[in-house]
Amino acid sequence: MTIKVHHTLLLTGAAGGVGTALRQRLKANCSVLRLSDRVDLGPAQDGEEIVQADLADAAAVHAAVQGCQAIVHMGGVSLEGPFDPILQGNIIGVYNLYEAARQHGVKRVVFASSNHVTGFYRQGETITPAHPPRPDSLYGVSKAFGEDLSRMYFDRYGIETACVRIGSAFAAPRDRRMLASWLSFDDLHRLITACLTTPVLGHTIIFGMSNNAVSWYDNASVRHVGYAPQDSSDGFREEIYARTPEPDLTDPTVQYQGGTFLMAGIPMTAHLRGK
């Protein structure tokens with residue numbers, strides 16, 4: 001069920017893969033969907049506003065946030081890579097967003113965190129939101145920073161945040177790892193809707209995954225959000241097994257939940273294989 005509890009909802013990162021998937025879906029959650037990205041989003045459609053903004057530009061972020069009642073923050077760098085772009089988009093950018101939210105009186109944020117905050121847990125483990133972060137990358141560290149920053153803005157200023165540790169948000173799972181981490185776009189919308197409409201959100205960390213039979217994540221402690229996934233990776237299992245090789249159990253990308261992010265940037269293969 002989708003309830004319009006906010007007049008104007010801001011979606012950052014609206015030009016990205018996930019943002020594009022959410023653009024039409026989130027219109028059901030508000031009267032006006034304000035779209036923001038640093039690239040051109042084209043003309044506004046019915047029920048939309050367009051505000052172009054680089055997250056590292058504080059003044060542009062303030063202009064995007066002004067007049068909104070809630071924010072779905074999908075913007076920033078979404079892959080491992082050099083530190084400076086991650087710093088600008090994911091650290092300075094998330095600070096600019098929360099400071100704008102504070103100054104403009106926005107009281108609820110859905111923050112796109114990531115499974116890579118906990119990527120150094122093994123694939124044989126099941127973890128909860130209470131497990132300590134174990135980032136697998138500079139990208140994962142930047143998302144852990146965003147979670148901590150949002151916690152401080154809740155404790156000091158009362159801005160409620162759902163830190164959604166998104167697994168693998170794609171139209172369909174692409175490999176064996178995603179049989180555990182897949183999050184369908186429809187389930188992502190259901191999760192965001194739950195975060196926007198639950199009566200009391202507080203500061204909540206919740207894993208974003210569909211109803212997959214195999215899972216590394218346990219959301220039992222965050223039932224107050226009311227998220228009920230309806231899709232599953234299970235129907236893709238046979239096809240994925242048929243076209244992918246047997247995993248090498250000595251490979252760190254198979255041993256750890258973070259997958260290939262462990263080997264992105266500057267890999268430490270010998271160290272990882274010896275752990």
Side-chain angles (χ1 to χ4, degrees), residues 12-13 16-19 21 55 72-94 97 110-151 161-170 173-185 187-188 191-192 204-210 212 214-219 222 233 247 251-269 271-272 275:
T12 68
V18 173
L55 290 169
V72 177
H73 181 46
M74 297 286 151
V77 175
S78 60
L79 297 171
E80 177 65 345
F83 181 64
D84 190 64
I86 293 173
L87 170 66
Q88 297 299 319
N90 295 11
I91 295 179
I92 295 173
V94 77
L97 185 90
V110 179
F111 167 57
S113 187
S114 171
N115 71 94
H116 296 290
V117 170
T118 52
F120 258 119
Y121 286 95
R122 291 183 177 268
Q123 292 193 12
E125 297 178 270
T126 301
I127 58 175
T128 73
H131 278 72
R134 293 184 64 180
D136 57 27
S137 53
L138 294 173
Y139 167 75
V141 169
S142 74
K143 291 300 184 178
F145 171 83
E147 291 186 0
D148 284 347
L149 187 78
S150 67
R151 175 85 240 189
T161 293
C163 297
V164 179
R165 289 180 177 170
I166 296 173
S168 304
F170 294 97
R174 298 179 174 182
D175 54 32
R176 296 191 185 204
R177 176 182 177 274
M178 289 190 191
L179 292 172
S181 63
W182 185 57
L183 174 64
S184 74
F185 291 138
D187 275 342
L188 175 57
L191 176 50
I192 291 171
T204 297
I205 294 171
I206 185 168
F207 291 101
M209 75 288 191
S210 287
N212 309 320
V214 175
S215 179
W216 308 317
Y217 314 124
D218 181 356
N219 274 335
V222 288
S233 65
D251 184 347
T253 67
V254 174
Q255 294 174 340
Y256 295 94
Q257 294 179 12
T260 58
F261 271 58
L262 275 77
M263 309 308 293
I266 304 174
M268 299 187 64
T269 309
H271 170 67
L272 288 176
K275 289 184 73 173

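Numbering of residues begins at 1 and proceeds along the displayed sequence. Keep in mind that what you see is a predicted model, and the values were worked out from it rather than measured.
Checking each of Ile127, Thr126, Asn115 against Tyr121 for a side-chain contact (heavy atoms from CB on, under 4.5 Å) leaves exactly one that passes, namely Ile127.
A donor-acceptor pair under 3.5 Å is formed between the side chain of Arg177 and the backbone N or O of Gln257.
In this structure, a donor-acceptor pair under 3.5 Å is present between the side chains of Arg122 and Tyr256. Side chains of Thr161 and Ser150: no donor on one and acceptor on the other come within 3.5 Å. The closest side-chain donor-acceptor pair between Asp218 and Thr128, if any, does not fall under 3.5 angstrom. Counting only N and O atoms by type, the side chains of Thr253 and Asp251 include a donor and acceptor under 3.5 Å apart.
To the nearest 0.5 Å, atoms CG (Leu179) and OG (Ser210) are separated by 12.0 Å.
Here Tyr217 pairs with Phe207 under the ring-ring contact (aromatic ring centres under 6.0 Å, His included) rule; sequence neighbours left out. Residues meeting the side chain to side chain contact (heavy atoms under 4.5 Å, CB included) test with Thr204, sequence neighbours left out: Leu201, Ile206, Val222, His224, Val225.
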Would you tabulate the side-chain donor-acceptor contacts of residues 84-91 under 3.5 Å, counting partners in other chains and residues two or more places apart, or write 'none'?
unit_1	atom_1	unit_2	atom_2	d
Asn90	OD1	Val77	N	2.7
Asn90	ND2	Val77	O	2.9
Asn90	ND2	Ser142	OG	3.1

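Shortest non-hydrogen contact noted between Ile166 and Ala112 is CD1-CB, 3.9 Å.
Looking at Phe120 and Pro135, their side chains never come closer than 4.5 Å, going by heavy atoms from C-beta outward.
In this pair, His116 and Phe261 present their aromatic rings parallel. The plane angle is below 30°, not in the 30 to 60° band.
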